[in-house]
Student: 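Before I ask anything, here is the structure I am working with.
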Protein chains: 2
Amino acid sequence: MEIQISKTLKVSKGEILLSYGDIASYAFKVESGCLRSYVIDKTGKEHILQFAPKDWLVGDIDSSTNNKPSLIFIDAIEDSEVSCISTAAFGDFASLEKDTLVHMSTKIRNKLIATNNRIISLLSASAKERYIEFTKTYPTLVQRLPLKLIASYIGITPEYLSELRRQLSKNIN
Amino acid sequence: MEIQISKTLKVSKGEILLSYGDIASYAFKVESGCLRSYVIDKTGKEHILQFAPKDWLVGDIDSSTNNKPSLIFIDAIEDSEVSCISTAAFGDFASLEKDTLVHMSTKIRNKLIATNNRIISLLSASAKERYIEFTKTYPTLVQRLPLKLIASYIGITPEYLSELRRQLSKNIN
DNA sequence: ATTACTTCTTAAGGTATCTTAACTTTTATT
DNA sequence: AATAAAAGTTAAGATACCTTAAGAAGTAAT
């Protein structure tokens with residue numbers, strides 16, 4: 001079985017590509033613009049799992065693999081163009097051609113490394129450290145995204161991020 | 001290239017199998033006992049990334065893949081027996097046989113799903129909720145592990161876990 | 001130009017979680 | 001059995017981060 005890029009889609013800022021409860025049958029490769037994935041917690045607050053600017057992939061691998069309702073949302077945070085990739089084969093890697101599988105596993109492995117590093121950061125770094133780390137890891141996103149989205153990604157409120165930025169600008173430790 | 005299980009090893013509680021700064025050339029499959037992986041932050045505190053009881057794999061995929069010094073430690077939290085799996089092929093999946101690759105990718109994918117869920121939990125659940133979730137997800141570990149290790153895994157201090165347990169036992173909300 | 005909306009900041013007061021330290025209980029060692 | 005070591009609890013005070021609310025500044029829409 002081949003990986004299928006079924007079509008490209010134009011989505012406007014705010015459009016939702018995957019909702020809580022959906023079963024994910026596509027992942028999205030971003031051709032232009034920026035998507036994000038996020039959860040909404042029981043108090044109604046959003047927590048961003050991933051930003052996906054140009055050339056990034058975003059999807060719900062758990063939902064796609066196990067055909068279970070998604071816990072997350074994916075939407076466009078800028079007007080974007082995306083390619084839709086069918087995830088029908090995710091449950092059974094043996095059905096893929098070897099080249100395809102090599103390619104996919106490499107991506108999945110790299111994503112695993114990234115999420116591992118994020119867990120380390122969430123467990124062992126302060127909010128200020130996580131913000132500084134974010135600005136170093138994603139300098140282009142920092143210039144592009146509203147601070148409240150960055151705050152959501154690093155796990156703090158926008159107000160507190162504002163406070164941290166003030167401290168940093170004053171070189172308060 | 002085939003996956004190589006080079007040998008099995010007996011390790012005593014406390015023995016370290018991978019240290020910060022090492023380049024990981026093995027992953028470990030636990031045959032009996034329990035391992036853990038963890039980081040030590042700049043203040044000297046440990047944060048547990050993974051418990052690996054019987055039949056689990058633990059390693060540093062970032063170090064193995066990219067031949068870079070590890071950021072983590074792996075040690076035995078019980079007397080254990082482990083099989084050592086060479087990770088020499090991790091940098092180049094194309095060199096693996098397809099069956100091996102299918103098997104490995106499935107494991108990596110499942111690990112990615114698990115780490116994604118942990119990020120969601122760290123971002124969106126309180127310490128109390130994370131503790132309750134842990135007891136549901138790993139009931140056998142809860143009975144086996146000292147509370148301070150569980151506290152470290154869910155990202156809180158042992159003292160605060162004690163307080164949470166007291167609240168839960170009194171049905172304080 | 002005016003209005004409305006989103007973003008960002010500031011500040012006061014509150015809460016979750018940590019730090020330190022002491023003490024109790026359990027488990028391991030001699 | 002006695003001693004030491006590890007695990008678990010409790011409590012007081014501290015701190016990181018949140019909540020609410022208001023205002024300022026920038027951006028989009030009529």
Side-chain angles (χ1 to χ4, degrees), chain A residues 12-15 34 36 38 40-48 51 75-79 121-135 141-173, chain B residues 12-15 33-34 36 38 40-48 51 75-79 121-135 141-170 172-173:
Chain A
S12 313
K13 182 173 170 174
E15 267 189 65
C34 193
R36 66 165 175 171
Y38 61 100
I40 298 184
D41 72 23
K42 59 172 57 161
T43 76
K45 263 176 294 190
E46 294 176 0
H47 304 274
I48 296 181
F51 295 113
D75 70 8
I77 55 183
E78 298 174 357
D79 293 345
S121 175
L122 285 169
L123 285 175
S124 65
S126 68
K128 190 183 287 186
E129 290 164 339
R130 297 201 301 277
Y131 172 63
I132 293 169
E133 195 181 338
F134 186 92
T135 63
L141 288 181
V142 171
Q143 291 163 228
R144 234 166 119 182
L145 300 177
L147 291 175
K148 73 168 174 178
L149 295 184
I150 295 172
S152 170
Y153 183 90
I154 65 181
I156 63 176
T157 61
E159 294 83 1
Y160 189 51
L161 177 53
S162 221
E163 162 70 9
L164 294 179
R165 282 162 52 84
R166 196 174 58 103
Q167 289 177 20
L168 289 169
S169 73
K170 291 189 180 173
N171 269 336
I172 296 170
N173 214 358
Chain B
S12 313
K13 181 173 171 175
E15 267 189 65
C34 194
R36 65 164 176 171
Y38 61 102
I40 299 185
D41 71 23
K42 57 174 57 164
T43 77
K45 264 177 292 190
E46 294 176 2
H47 304 275
I48 296 180
F51 295 114
D75 71 8
I77 55 182
E78 297 174 356
D79 293 344
S121 175
L122 286 169
L123 285 175
S124 65
S126 69
K128 190 183 287 186
E129 288 164 341
R130 296 200 303 276
Y131 173 63
I132 293 169
E133 194 181 338
F134 185 92
T135 62
L141 288 181
V142 170
Q143 291 162 230
R144 235 167 119 180
L145 299 178
L147 291 176
K148 72 168 173 177
L149 296 185
I150 296 172
S152 170
Y153 183 90
I154 65 180
I156 63 176
T157 61
E159 294 83 359
Y160 188 51
L161 178 53
S162 222
E163 161 71 9
L164 294 179
R165 282 161 53 84
R166 196 174 57 105
Q167 288 177 20
L168 289 168
S169 75
K170 290 189 180 173
I172 296 172
N173 214 358

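From a predicted model like this one, the values you see are computed outputs, not experimental measurements. Convention: sequence-line order gives letters A, B, ...; per-chain numbering from 1. These numbers come from the heavy atoms of this one structure, side chains and all, not from hydrogens, waters or symmetry mates.
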Student: What's the shortest heavy-atom distance between B/H47 and B/K45, and which atoms?
Tutor: CD2-O, 3.5 Å
Student: Heavy atoms only: give me the nearest A/L123-B/S152 pair and the separation to one decimal.
Tutor: CD2-O, 4.5 Å
Student: Using atom CD of A/E163 as one end and atom C1' of D/dT20 as the other, report the distance to the nearest whole Å.
Tutor: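 Answer to the nearest Å: 16 Å.
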Student: Taking only side-chain N and O atoms of B/S162, does any of them lie within less than 4.0 angstrom of OP1 or OP2 on D/dT10?
Tutor: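 No, because none of the side-chain N or O atoms of B/S162 sits under 4.0 Å from OP1 or OP2 of D/dT10.
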Student: Once rounded to the nearest 0.5 Å, what's the spacing between atom CG of A/L168 and atom NZ of A/K170?
Tutor: 12.0 Å
Student: Got a salt bridge between A/E133 and A/K128, using NZ or NE/NH1/NH2 to carboxylate O under 4.0 Å?
Tutor: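 Salt bridge: no.
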Student: State, with a plain yes or no, whether a side-chain heavy atom of A/L147 is found less than 4.5 Å away from one of A/P158.
Tutor: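 Result no, sub-4.5 Å side-chain heavy-atom pair not found.
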Student: Does B/R165 put a side-chain nitrogen or oxygen below 4.0 Å from OP1 or OP2 of D/dT9?
Tutor: yes
Student: Check the angle between the aromatic planes of B/F51 and B/F134 and answer parallel, tilted or perpendicular using the 30° and 60° thresholds.
Tutor: perpendicular
Student: Is there a residue in residues 145-152 of chain A whose heavy atoms reach under 4.0 Å of DNA chain C, and which residues are they?
Tutor: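 Residues of residues 145-152 of chain A under 4.0 Å from DNA chain C: A/P146, A/L147, A/K148.
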Student: Taking CZ from A/R166 and C1' from D/dA24, how many angstroms apart are they, rounded to a whole number?
Tutor: 15 Å
Student: Could you tell me the separation between the OG1 atom of A/T135 and the CZ atom of A/R130, rounded to the nearest 0.5 Å?
Tutor: 13.5 Å
Student: Would A/R165 and A/Y131 count as having a side-chain donor-acceptor pair, cut-off 3.5 Å?
Tutor: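 Per modelled atom types, A/R165 and A/Y131 side chains form a pair under 3.5 Å.
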Student: Rounding to an integer number of Å, can you tell me how far A/L122 CG sits from D/dC17 P?
Tutor: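 Rounding to the nearest Å, CG of A/L122 and P of D/dC17 are 12 Å apart.
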Student: In whole angstrom, give the distance that lies between atom CG of B/L161 and atom P of D/dA7.
Tutor: 14 Å
Student: Expressed as a whole number of angstroms, how long is the span from B/I156:CD1 to D/dG8:P?
Tutor: 13 Å
Student: Give the rounded distance in Å between these two atoms: CG of B/L168 and P of D/dG8.
Tutor: 16 Å
Student: Going 5' to 3' along DNA chain C, which nucleotides are the first and last within contact of chain B (any atom under 4.0 Å from a heavy atom)?
Tutor: C/dA16 to C/dA21
Student: Between B/A127 and A/Y160, which has a closest nucleotide on DNA chain C that is more 5'?
Tutor: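 Its nearest nucleotide being more 5', the pick is A/Y160.
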Student: Under 3.5 Å, is there a donor-acceptor pair between the side chain of B/D79 and the main chain of B/K13?
Tutor: yes
